[in-house]
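Keep in mind that the numbers below use all heavy atoms, side chains included, and drop hydrogens, waters and symmetry copies.
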Amino acid sequence: MILDVFRMNDKVAIVTGASRGIGRGSAIALAEAGADVVLAARRADVLEEAAKEVRARGRRALVVPTDVTAGAELDRLLARTLEEFGRLDVLVNNAGGYPPRIAVALSDEEMMESYQFNVVSALHLSRSAAPHLARTRGAIVNISSAMSHCVDTGFVAYGAAKAALNHMTRLLAHEWAPRVRVNALAVGATMTDALEAFVGAGDMLDKMTAKTPMGRLATPEDIAASVLFLASPASSWITGKILEVDGGASASTWPYPMPGGLEDIP
């Protein structure tokens, strides 16, 4: 049966940024497909709420509070996973992000922070997990962004970091094939809790929707379905690819034009 290749029975997955949004949705999707899930994010209380959803689907959930920008905490996350389950089949590097800031106001330190959060953390955990994933012919799914290839004012730190994550995905896939598959999702605007709070007032949601050919923003479940595809045997012949999950948008859907900061230069 073709649906069997989407099953993750008794697999073990780590999901970072698993307390809310895409990470939470991905953890639940993997559990529904049969996987046990290790949930990592900073807040233990919110992680426990997500873990209840995993357990409600009959799967085991391990909560490991983690700051992904700290290498020692990533090492502890992997160690706790192996201690609890003895194996690793899937790593979802979902934690990331950075607020909009125009380039002329962006400090070197802020640029480094964005790379640490979006790229270095994913590399550290992927590198550490790779030998264990190789034993299970496992998969890495990196959560990137449509801003990795779209342009808009204010997204130098975030967009450049996600573009680096994309090419790191390709490079790691080449180095680790055929033992470990590495792919990424270039995600468009998704109605997470954070975005919902941001677009709650005014006409921001309407503007973003109007720029999206599919006529709506993504839900976390939309993205989680693609995570499951890339994590499961259904994509066993796919590696080194960036799957665009963006509702058909070919340009930025950010609704607020920002001045670049050079307009008043004579």
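No continuous path of hydrophobic side-chain contacts links Leu230 to Val180 [ILVMFWY only; heavy atoms under 4.5 Å]. Residues Ile14 and Val141 do not share a hydrophobic cluster, clusters being chains of Ile/Leu/Val/Met/Phe/Trp/Tyr side chains in contact below 4.5 Å. By the rule that hydrophobic residues join a cluster once side-chain heavy atoms approach within less than 4.5 Å of another member, Ile143 and Ile238 end up as members of one cluster. Tyr98 and Met112 fall into different hydrophobic clusters, where Ile, Leu, Val, Met, Phe, Trp and Tyr side chains are chained together by heavy-atom contacts under 4.5 Å. If you chain together hydrophobic residues whose side chains sit under 4.5 Å apart, Met147 and Tyr115 never meet in one group.
The salt bridge (charged side-chain N to carboxylate O under 4.0 Å, His left out) check on Arg135 picks up nothing, with sequence neighbours excluded. Remark: Arg80 pairs with no residue by the side-chain hydrogen bond (donor to acceptor under 3.5 Å, both in side chains) rule, at least two apart or across chains. In this view, Arg216 and Asp222 satisfy the side-chain hydrogen bond (donor to acceptor under 3.5 Å, both in side chains) rule, not counting sequence neighbours. For Glu48, the salt bridge (charged side-chain N to carboxylate O under 4.0 Å, His left out) criterion is met by Arg55, not counting sequence neighbours. The side-chain hydrogen bond (donor to acceptor under 3.5 Å, both in side chains) check on Ser19 picks up nothing, with sequence neighbours excluded. Applying the salt bridge (charged side-chain N to carboxylate O under 4.0 Å, His left out) test to Glu84 and every residue at least two apart in sequence or in another chain returns Arg60.
Looking at Asn166 and Ser144, their side chains do bring a donor and an acceptor atom within 3.5 Å of each other.
Closest non-hydrogen pair, Ile242 versus Ala186, comes out as CG2-CB, 3.9 Å. Closest of all the heavy-atom pairs between Leu88 and Thr136 is O-OG1, 2.7 Å. Taking both residues in full, the closest heavy atoms of Leu30 and Leu228 are given as CD2-CD1, 4.1 Å, listed atom of the first, atom of the second, then distance. Residues Leu47 and Ala41 come closest through the heavy atom pair CD1-N, 3.4 Å. Closest non-hydrogen pair, Val119 versus Ala161, comes out as CG2-O, 3.2 Å. Nearest heavy-atom pair, Trp176 versus Ile140, reported as atom, atom and distance to 0.1 Å: CZ3-CD1, 3.7 Å.
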Which atom pairs, donor and acceptor, lie under 3.5 Å between side-chain atoms of residues 70-78 and protein residues at least two apart or in another chain?
from  : atom 1 : to     : atom 2 : distance (Å)
Glu73 : OE1    : Asp67  : N      : 2.7
Asp75 : OD1    : His124 : NE2    : 2.8
Arg76 : NH2    : Pro65  : O      : 2.7

Evaluation steps, side-chain contact (heavy atoms from CB on, under 4.5 Å), between Leu125 and Leu91: CA-CA 9 Å; Leu125 191 52; Leu91 169 60; 3.5 Å; yes
Stepwise side-chain contact (heavy atoms from CB on, under 4.5 Å) check, Thr190 with Thr219: CA-CA 6 Å; Thr190 303; Thr219 66; 5.8 Å; no
Worked check of side-chain contact (heavy atoms from CB on, under 4.5 Å) between Ile223 and Leu185: CA-CA 8 Å; Ile223 311 306; Leu185 299 176; 3.9 Å; yes
Thr16 vs Asn94, side-chain hydrogen bond (donor to acceptor under 3.5 Å, both in side chains): CA-CA, chis, key distance, verdict: CA-CA 5 Å; Thr16 67; Asn94 168 67; 5.4 Å; no
Worked check of side-chain contact (heavy atoms from CB on, under 4.5 Å) between Trp254 and Phe155: CA-CA 10 Å; Trp254 184 250; Phe155 290 94; 3.7 Å; yes
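Residue pairs meeting the salt bridge (charged side-chain N to carboxylate O under 4.0 Å, His left out) criterion with at least one partner in residues 89-99, sequence neighbours excluded, are Arg87-Asp89. Applying the side chain to side chain donor-acceptor pair (under 3.5 Å) test to residues at least two apart or on different chains, the pairs with a partner in residues 230-245 are Arg181-Ser235. The list of side chain to side chain donor-acceptor pair (under 3.5 Å) pairs with a residue in residues 6-15, not counting sequence neighbours, reads Arg7-Asn9, Asp10-Arg59. Pairs of residues two or more places apart, or lying in two chains, that qualify as side chain to side chain donor-acceptor pair (under 3.5 Å) and include a residue from residues 20-32 are Arg20-Asp193, Glu32-Arg57. Applying the salt bridge (charged side-chain N to carboxylate O under 4.0 Å, His left out) test to every pair with at least one member in residues 96-113, sequence neighbours left out, gives these pairs: Arg101-Glu110.
For the atom pair His174 NE2 and Thr169 OG1, the distance stands at 14.5 Å (nearest 0.5 Å). Expressed to the nearest 0.5 Å, how far OG of Ser250 lies from NZ of Lys211 amounts to 11.0 Å. If you take CG on Leu62 and CZ on Phe85, they are separated by 5.5 Å, rounding to the nearest 0.5 Å. Atom CZ of Arg42 and atom OG1 of Thr66 lie 10.5 Å apart (nearest 0.5 Å). To the nearest 0.5 Å, the span separating OG on Ser121 from CG on Asn93 amounts to 6.5 Å. Rounded to the nearest 0.5 Å, atoms CD (Glu221) and CE (Met191) are 12.5 Å apart.
Ring pair Phe229/Phe6 is tilted by interplanar angle, where 30° to 60° counts as tilted.
More than 12 heavy atoms of other residues, nucleotides or ligands lie within 6.0 Å of CD1 in Ile265, so this atom counts as buried by the packing criterion. In Met258, the CE atom is crowded: over 12 heavy atoms of neighbouring residues, nucleotides or ligands sit closer than 6.0 Å.
For the pair Leu165/Ser148, no side-chain contact is recorded, criterion being any heavy-atom separation below 4.5 Å from C-beta on. The side-chain heavy atoms of Asp246 and Val187, taken from C-beta on, include no pair separated by under 4.5 Å. At a threshold of 4.5 Å between non-hydrogen side-chain atoms, the residues Val5 and Leu3 do not count as touching. Between Val12 and Val90, the closest side-chain pair of non-hydrogen atoms is not below 4.5 Å. Residues Tyr158 and Ser145 form a side-chain contact, since some pair of their non-hydrogen atoms from C-beta on lies under 4.5 Å apart. Put simply, the side chain of Asn142 does not reach to within 4.5 Å of the side chain of Asn183, judged on heavy atoms. Within the 4.5 Å cutoff, the side chain of His167 has heavy atoms near those of the Leu171 side chain.
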